[in-house]
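As structure tokens, the structure follows; a few thoughts come after it.
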Number of protein chains: 2
Amino acid sequence: MGLRERKKEKTRLALQDAAFELFLEQGYDSTTIDQIAAAADVSPRTFFRYFTGKDHLVLWFHEQTERTLLEALAERPADEPPFASMTHALRALLRTMELSTPEDNARFLKVRRLLDANPHLASATFARVIETERRLVEAIAARRGVDPGRTPLPHLVVTFVMAAMRIGFTCPADPCGPREIVRRMEETLQLVERSLRPGWDV
Amino acid sequence: MGLRERKKEKTRLALQDAAFELFLEQGYDSTTIDQIAAAADVSPRTFFRYFTGKDHLVLWFHEQTERTLLEALAERPADEPPFASMTHALRALLRTMELSTPEDNARFLKVRRLLDANPHLASATFARVIETERRLVEAIAARRGVDPGRTPLPHLVVTFVMAAMRIGFTCPADPCGPREIVRRMEETLQLVERSLRPGWDV
DNA sequence: CACATTAGTGGCAGAGACTGCCAGCTGACA
DNA sequence: TGTCAGCTGGCAGTCTCTGCCACTAATGTG
């Protein structure tokens, strides 16, 4: 990895860390991009070369999740039943979440607190999750050679599995770390598996 | 209904109709709120007293849908199994969609074309749908007297039924009117019902 | 019918988000 | 070392959205 790329990575992290600190300190809405850029020692103009907007600072994390999920799905054999592939992909994601570093955990908790405090952000995140579902449907339909607009089965498969992810993500109490989230997702996924009639996804 | 309310209704419709005409004519992004307000003969300031933003013009339609859905659910007996209540509520919505006027159909098609042409709008709509799901979960959990954060079953029930709504809404070909959408939703709902093991939602 | 009350509107000023453009700097690579 | 591509900063400008105040019109009351 060249010096240029390392610098970019550093700037991105500086922007995110500065932003989250400001968000939690003085609120998301009352934090301006000028403040974030100033705290990260870059120009406001540069901010928009890294992120499309303020909410992208948060959405970025889900984009990483999506990448992991799509890669895990791509590694499954194409002739495997789609529901099995999806459950395996989700469990692969859960495994990577489990071995996250303490720093990752800290960031995760910050993002969670932000989402809980700002419905608008949670909303944007879920919208992004829907986009992820669309891509997963595309992938599954492609490897089966079917038109996703014509047969609802790929949609159903993805929706059922992602339901576990979405439902498991909602937290009862305030402080809910990644391990607890993973536990809830796994629990919900098993509930989904038990709820479905064997061989439903022919 | 007093004169005041009738006027408001008229202004809202003027704004929406003017906006959709402009959107389809010159694109969503290149249409400014000033243009919309001018076309509807109100001040830009007034626009924001009717809609929170440009996207709200489109989201407004789903808000009506949500209202219908929540009312239909509220009318189901509280001791009915939740999944049955949800399917009934969705079918009640489908029935109201079926007897829509030709004008409603025209607006529906305009909205559809907008959503297809602007991923951002589709995304925002789905985010709003997620919010609807949250409220449905709340309603179902409330009438059972359980904490939705603690038990995933209400979430699951709502997700499964709303999956039919979301999946049925996606269209294969371009011109897809309300009747066709209703047909697809009903079809998908039946698929969901067949996929679930009897008595799964004890 | 006259009046006070209230809701709705228009216009203004201003903050904040975002983009296009150009000039200057700095790794990358031969 | 020199050229080149890529990143950055700053400026100007548009658009979205909000608070505020004065003005008009609908409503309800004596």
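To find a chain, count down the sequence lines: A is the first, B the second, and so on, and within it residues start at 1. Please read these numbers as outputs of a predicted model, since none were measured by experiment.
Note: A:Phe23 and A:Phe20 have perpendicular aromatic rings, judged against thresholds of 30 and 60 degrees for the angle between ring planes.
For A:Tyr50, no side-chain nitrogen or oxygen approaches OP1 or OP2 of D:dC7 to under 4.0 Å. At D:dA26, one or more side-chain N or O atoms of B:Lys7 fall inside 4.0 Å of OP1 or OP2 (strictly under the cut-off). Residue A:Ser43 places none of its side-chain N or O atoms closer than 4.0 Å to OP1 or OP2 of D:dG10.
Counting distance only, with no hydrogens placed and no angle test, the side-chain atoms of B:Arg49 and the base atoms of C:dG10 include a donor-acceptor pair under 3.5 Å.
With hydrogens and angles disregarded, a donor-acceptor distance shorter than 3.5 Å links the side chain of B:Lys54 to the backbone of B:Tyr28. Put simply, the side chain of A:Thr170 never gets that close to the backbone of A:Arg166: no donor and acceptor are under 3.5 Å apart.
Regarding A:Leu22, its CG atom lies at a distance of 14 Å from the P atom of C:dG16, rounded to whole Å. Following rounding to the nearest Å, B:Arg6 (CZ) and D:dT27 (C1') show an atom-to-atom distance of 13 Å. Here the C1' atom of nucleotide D:dA26 and the CD atom of B:Glu5 are 12 Å apart, to the nearest Å. Remark: C1' of C:dA28 and CE of A:Met1 are 16 Å apart, rounded to the nearest angstrom. Rounding to whole angstrom units, NZ of residue B:Lys10 and P of D:dA25 are separated by 15 Å. When rounded to the nearest whole Å, the span between CZ of A:Arg4 and C1' of D:dT8 equals 11 Å.
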Listed pairs, N/O of protein and of nucleotides 11-18 of chain D, under 3.5 Å:
| unit_1 | atom_1 | unit_2 | atom_2 | d |
| --- | --- | --- | --- | --- |
| D:dT16 | OP2 | B:Ile33 | N | 3.4 |

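With sequence neighbours excluded, no residue satisfies ring-ring contact (aromatic ring centres under 6.0 Å, His included) with A:Phe169.
The residues B:Arg135 and B:Glu138 are annotated as not salt-bridged, no charged nitrogen and carboxylate oxygen being separated by less than 4.0 angstrom. Residues B:Arg91 and B:Glu193 are paired through a salt bridge, judged by an N-O separation under 4.0 Å between the basic side chain and the carboxylate.
A donor and an acceptor atom, one from each side chain of B:Ser85 and B:Arg143, are located under 3.5 Å apart.
Listed candidates were C:dG10, D:dC7, C:dG27. Nearest to the side chain of A:Leu3 is C:dG27.
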